[in-house]
Amino acid sequence: MSPQQNSGTPKLMRNIFGIIMILIYCGMGVLFFIGYFNILFPTWTWVRWAGGVLFVGYGIWRAYRQFAGIDPGYGNDSDSDNKD
């Protein structure tokens, strides 16, 4: 029997999910910066700034890993190995 060929769909879905998560993290950071969550922390300005920095920083780190090919999904994981 011949081995089943991988269609690449899981790799594509991981890439799409990774990009969506980058947008969510950076978007949350921007919402913290503009004061969208002031109702939760009205007097804790440092929480707003710390949260914004953490979310945007992590979003940028994820974007770097995603587009540099460090995260799985760009051909450096077991999905792309030829098991002939």
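- No more than 12 heavy atoms of other residues, nucleotides or ligands shown are found within 6.0 angstrom of CD1 on Ile39.
- Leu23 and Val53 sit in two unconnected hydrophobic clusters of ILVMFWY residues. Membership requires side-chain heavy atoms under 4.5 Å apart, directly or through other members.
- Taking CE from Met13 and CD1 from Ile20, the interatomic distance works out to 7.5 Å, rounded to the nearest 0.5 Å.
- Residues Val30 and Val56 approach most closely at N-CG2, 4.2 Å, considering heavy atoms.
- Across Tyr36, Trp44, Phe37, a single residue satisfies side-chain contact (heavy atoms from CB on, under 4.5 Å) together with Leu40, and that is Phe37.
- Taken from OH in Tyr58 to CD1 in Ile22, the straight-line distance is 10.0 Å, to the nearest 0.5 Å.
- The line from CD1 of Ile24 to CD1 of Ile19 is 12.5 Å long, rounded to the nearest 0.5 Å.
- Using cut-offs of 30° and 60° for the angle between ring planes, the Phe32 and Phe55 rings count as parallel.
- In this structure, the separation between CZ on Phe67 and CZ on Arg62 is 11.0 Å, given to the nearest 0.5 Å.
- Pairing each heavy atom of Cys26 with each of Ile60, the nearest pair is SG-N, 4.3 Å.
- To the nearest 0.5 angstrom, Leu31 atom CG is 11.5 Å from Arg48 atom CZ.
- In this structure, CZ in Arg14 is found 10.0 Å from CD in Gln66, a value given to the nearest 0.5 Å.
- Centroid-to-centroid, the aromatic rings of Tyr64 and Trp61 come within less than 6.0 Å.
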